[in-house]
Novice: 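Have a look at the structure that comes next, please.
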Number of protein chains: 2
Amino acid sequence: MVFLTKLCLMHLCYMHKTINSHINSHIKTSEKELSIFNASLNEIAITKGQFLLKPGTHVKHEYFVVKGCLKAYYSDSKGNQHIIQFAIENWWVGDFDAFYNQVPSELFIEAIEDSQLLSIHYDSLQKIYNKAPIFERYFRILTTQAFIAQRKRILSTLEKHTQERYLKFCQTYPNIKDRVPNYNIANYLGVSPENLSRIRKNLKS
Amino acid sequence: MVFLTKLCLMHLCYMHKTINSHINSHIKTSEKELSIFNASLNEIAITKGQFLLKPGTHVKHEYFVVKGCLKAYYSDSKGNQHIIQFAIENWWVGDFDAFYNQVPSELFIEAIEDSQLLSIHYDSLQKIYNKAPIFERYFRILTTQAFIAQRKRILSTLEKHTQERYLKFCQTYPNIKDRVPNYNIANYLGVSPENLSRIRKNLKS
DNA sequence: AGTATTAATTGATTTAGATCAAGAAGATTG
DNA sequence: CAATCTTCTTGATCTAAATCAATTAATACT
């Protein structure tokens, strides 16, 4: 029992260490600011195939991936998945529209691997913004970078053929490419798995 | 001459008034914070067909549209325009990747109508963030909303047919739809002008 | 290891939309 | 108000990719 407690503490340290170094790679914080932030985080463990979020939910949390891999997707009327984001280590994931604009979620977020996450509650975040406004900067920078990445994704759908877009995807996310089934990459690119398979075959020769 | 000066002052007031009410629709500011911000803005007038930005430029400014309409686009090797954004009144426009990450611009920004803009310099903005950190919040909120809008755009290319995407575009941006030539809307949607024309014909009947 | 399940591949057919080409309708300008 | 330039439309053809269908390969399960 003592052993277990110790393990949990070590575990907690590891998760906080991960997010804190991510924070400090973007902004400079004091010990106090960091501890205000850390105090608001909750740990979540989720196994492959489990859902973090489903449509129709009132979303109160955003999630930081410490370890693992998830996909965020919409499901259309035919049941096709349209993947909006893969989230791996050091990414934030959530339904930002539902979270910030207080509308019901339309998004599925599902674990592709067993994953460890940290969650933050909407109310906690608002308090953090007031008590430690440096975190406005942290999220401003992250959102700006995410915005730029999305802009590039839009551009690639506008100007490139599927083969080029697939190659670009592999180049941009080499680590994701090897952790995710190909039909999910097809979903992300918005093409059929058959088409992606043929493209991959074509690239081999 | 006196008359002209007076006119310019009135003009200045109008432009600042526009951006200040936009700011105050998102955050609460003191007079002092607002005046710090206002002091960093420069006025720009640009006529239809002129460029605010071209590829290869070292980007030092972002722009707020007080009046007018612009398009931001990439031009591919065949000379096709891929429109990433239409900017009308109360929108910020710029090459955010080039601006924030100090890489050369790849973007054209061109006036579709005669336009009045306010520009802010990168260095000024950094100073504002330190002197009046409430503006971190302003830009965090704007970027978050822009991020959400882009996510919806990505989703629509993943799940919808061109006709549905065109209807969605008209619904989301009714004011832009009527100010921009159809072939530019086709560029934005990533389809040929001929195809959009046929879709529009089909919708009439 | 052997079975069940899930993922990837391959082939045949269909389709939405691109491309090519020409003309009509609007808008601008001398 | 011609004349020019720009935008939009229409038709014919071509092509990338979707869809449908079946098989093979890879994982997971007990």
Side-chain angles (χ1 to χ4, degrees), chain A residues 47-51 68-69 71 73 75-83 86 108 110-114 156-170 176-205, chain B residues 47-51 69 71 73 75-83 86 108 110-114 155-170 176-205:
Chain A
T47 59
K48 180 175 174 173
Q50 276 195 310
F51 289 88
C69 182
K71 60 180 175 184
Y73 62 91
S75 184
D76 68 18
S77 46
K78 291 182 187 172
N80 294 317
Q81 294 180 12
H82 301 285
I83 296 180
F86 295 113
F108 291 88
E110 180 184 343
I112 293 181
E113 301 172 1
D114 294 354
S156 93
T157 67
L158 291 178
E159 81 170 352
K160 297 200 200 307
H161 287 176
T162 305
Q163 179 165 316
E164 293 170 272
R165 288 171 51 214
Y166 174 66
L167 288 171
K168 192 79 189 172
F169 175 84
C170 295
I176 291 176
K177 170 192 165 262
D178 296 327
R179 287 168 75 169
V180 161
N182 285 319
Y183 70 92
N184 272 166
I185 296 176
N187 297 153
Y188 181 93
L189 295 173
V191 301
S192 68
E194 293 95 330
N195 189 26
L196 184 60
S197 172
R198 282 182 250 262
I199 285 165
R200 284 159 49 80
K201 186 186 181 185
N202 191 43
L203 286 169
K204 278 182 213 152
S205 57
Chain B
T47 59
K48 180 175 176 174
Q50 277 195 310
F51 290 88
C69 182
K71 60 180 175 182
Y73 63 92
S75 184
D76 68 18
S77 47
K78 291 183 188 169
N80 294 318
Q81 294 181 11
H82 302 286
I83 297 180
F86 294 112
F108 291 88
E110 181 184 341
I112 294 181
E113 302 171 1
D114 293 353
L155 181 68
S156 93
T157 68
L158 291 177
E159 81 170 352
K160 299 200 200 305
H161 289 175
T162 304
Q163 179 165 317
E164 293 168 274
R165 288 171 53 215
Y166 173 66
L167 288 171
K168 192 79 187 170
F169 175 85
C170 294
I176 291 176
K177 170 190 164 267
D178 295 328
R179 287 167 75 168
V180 161
N182 285 318
Y183 70 92
N184 272 166
I185 296 175
N187 296 153
Y188 181 92
L189 296 173
V191 301
S192 68
E194 294 94 331
N195 188 26
L196 184 60
S197 172
R198 282 183 250 263
I199 284 164
R200 285 160 47 81
K201 184 186 182 186
N202 191 43
L203 287 169
K204 278 181 213 152
S205 57

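Numbers restart at 1 for each chain; the letters A, B, ... are given by sequence-line order, proteins then strands.
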Novice: Tell me which of A/Asn80 and B/Val180 sits closer to the 5' end of DNA chain D, going by the nucleotide each one is nearest to.
Specialist: B/Val180

Novice: Mind checking if B/Arg200 touches a base, just sugar-phosphate, or nothing, with heavy atoms under 4.0 Å?
Specialist: sugar-phosphate

Novice: Counting C-beta onward and ignoring hydrogens, is there a side-chain heavy-atom pair between B/Lys48 and B/Ile112 closer than 4.5 Å?
Specialist: no

Novice: At what distance, to the nearest 0.5 angstrom, does CD1 of A/Ile199 lie from CD1 of A/Ile185?
Specialist: 12.0 Å

Novice: Please figure out whether B/Val191 or A/Pro193 has its closest DNA chain C nucleotide nearer the 5' end.
Specialist: A/Pro193

Novice: Are the side chains of B/Asp76 and B/Gln81 in touch, meaning some heavy atoms are under 4.5 Å apart?
Specialist: no

Novice: OG of B/Ser75 to CD1 of B/Ile83: how many Å apart, nearest 0.5 Å?
Specialist: 11.0 Å

Novice: Does a side-chain heavy-atom distance below 4.5 Å link B/Tyr73 with B/Glu110?
Specialist: yes

Novice: What's the separation between atom NZ in A/Lys177 and atom CG in A/Asn182, rounded to the nearest 0.5 Å?
Specialist: 8.5 Å

Novice: Side-chain contact, heavy-atom cut-off 4.5 Å: B/Lys71 with B/Asn184?
Specialist: yes

Novice: For nucleotides 25-30 of chain C, read 5' to 3', which letter fits each nucleotide if B means a protein heavy atom sits under 4.0 Å from the base, S means only the sugar-phosphate is that close, and - means neither?
Specialist: ------

Novice: Under 3.5 Å, sequence neighbours excluded: what are the donor-acceptor pairs made by side chains of residues 156-164 of chain A?
Specialist:
residue	atom	partner	partner atom	Å
A/Ser156	OG	A/Arg153	O	3.2
A/Thr157	OG1	A/Ile154	O	2.7
A/Gln163	OE1	A/Asn202	ND2	3.2
A/Glu164	OE1	A/His161	N	3.2

Novice: What's the closest nucleotide to the B/Asn195 side chain, out of C/dA18, D/dT10, C/dT19?
Specialist: C/dA18

Novice: Output the rounded distance in Å from CD1 (A/Ile112) to P (D/dT27).
Specialist: 16 Å

Novice: Bend angle of the helix from C/dA1-D/dT30 to C/dG30-D/dC1 from five-pair axes at both ends, rounded to 10°?
Specialist: 50°

Novice: Among residues at least two apart in sequence or on other chains, which ones pass ring-ring contact (aromatic ring centres under 6.0 Å, His included) with B/Tyr188?
Specialist: B/Phe86, B/Phe169

Novice: Write down the protein N/O and nucleotide N/O pairs, taken from nucleotides 5-7 of chain D, whose separation is under 3.5 Å; answer none if there are no such pairs.
Specialist:
residue	atom	partner	partner atom	Å
D/dT7	OP1	B/Tyr183	OH	2.8
D/dT7	OP2	B/Tyr183	OH	3.1

Novice: Report the distance from atom NZ of A/Lys78 to atom P of D/dA18, rounded to the nearest whole Å.
Specialist: 11 Å

Novice: Identify, residue by residue, the members of residues 156-168 of chain B with a heavy atom below 4.0 Å from DNA chain D, and return them in order of residue number, or none.
Specialist: none

Novice: Please state how far atom CZ in A/Arg198 lies from atom P in D/dT15, giving the value in whole angstrom units.
Specialist: 18 Å

Novice: NA contact type, A/Gly49, heavy-atom cut-off 4.0 Å: base, sugar-phosphate, or nothing?
Specialist: nothing

Novice: Just verifying a value: how many Å separate B/Cys69 SG and B/Asp114 CG, rounded to the nearest 0.5 Å?
Specialist: 11.5 Å

Novice: Given atom CG of B/Asn187 and atom P of C/dA18, what is their separation to the nearest angstrom?
Specialist: 11 Å

Novice: Atom CG of A/Leu196 and atom C1' of D/dA18: how far apart are they, to the nearest Å?
Specialist: 14 Å

Novice: Whole angstroms only, please: what is the CG-P distance between A/Asn202 and C/dT9?
Specialist: 13 Å

Novice: Quick one: CZ on B/Arg198 to CG on B/Asn195, what's the gap to the nearest 0.5 Å?
Specialist: 7.0 Å

Novice: Can you check the A/Asp76 CG to D/dA18 C1' distance for me, whole Å?
Specialist: 14 Å

Novice: I'd like to check B/Tyr183 versus B/Leu196 (side-chain heavy atoms, cut-off strictly below 4.5 Å). Are they in contact?
Specialist: no

Novice: Would you indicate which nucleotide in C/dA21, C/dT9, D/dA18 comes nearest to any side-chain atom of B/Glu194?
Specialist: C/dA21

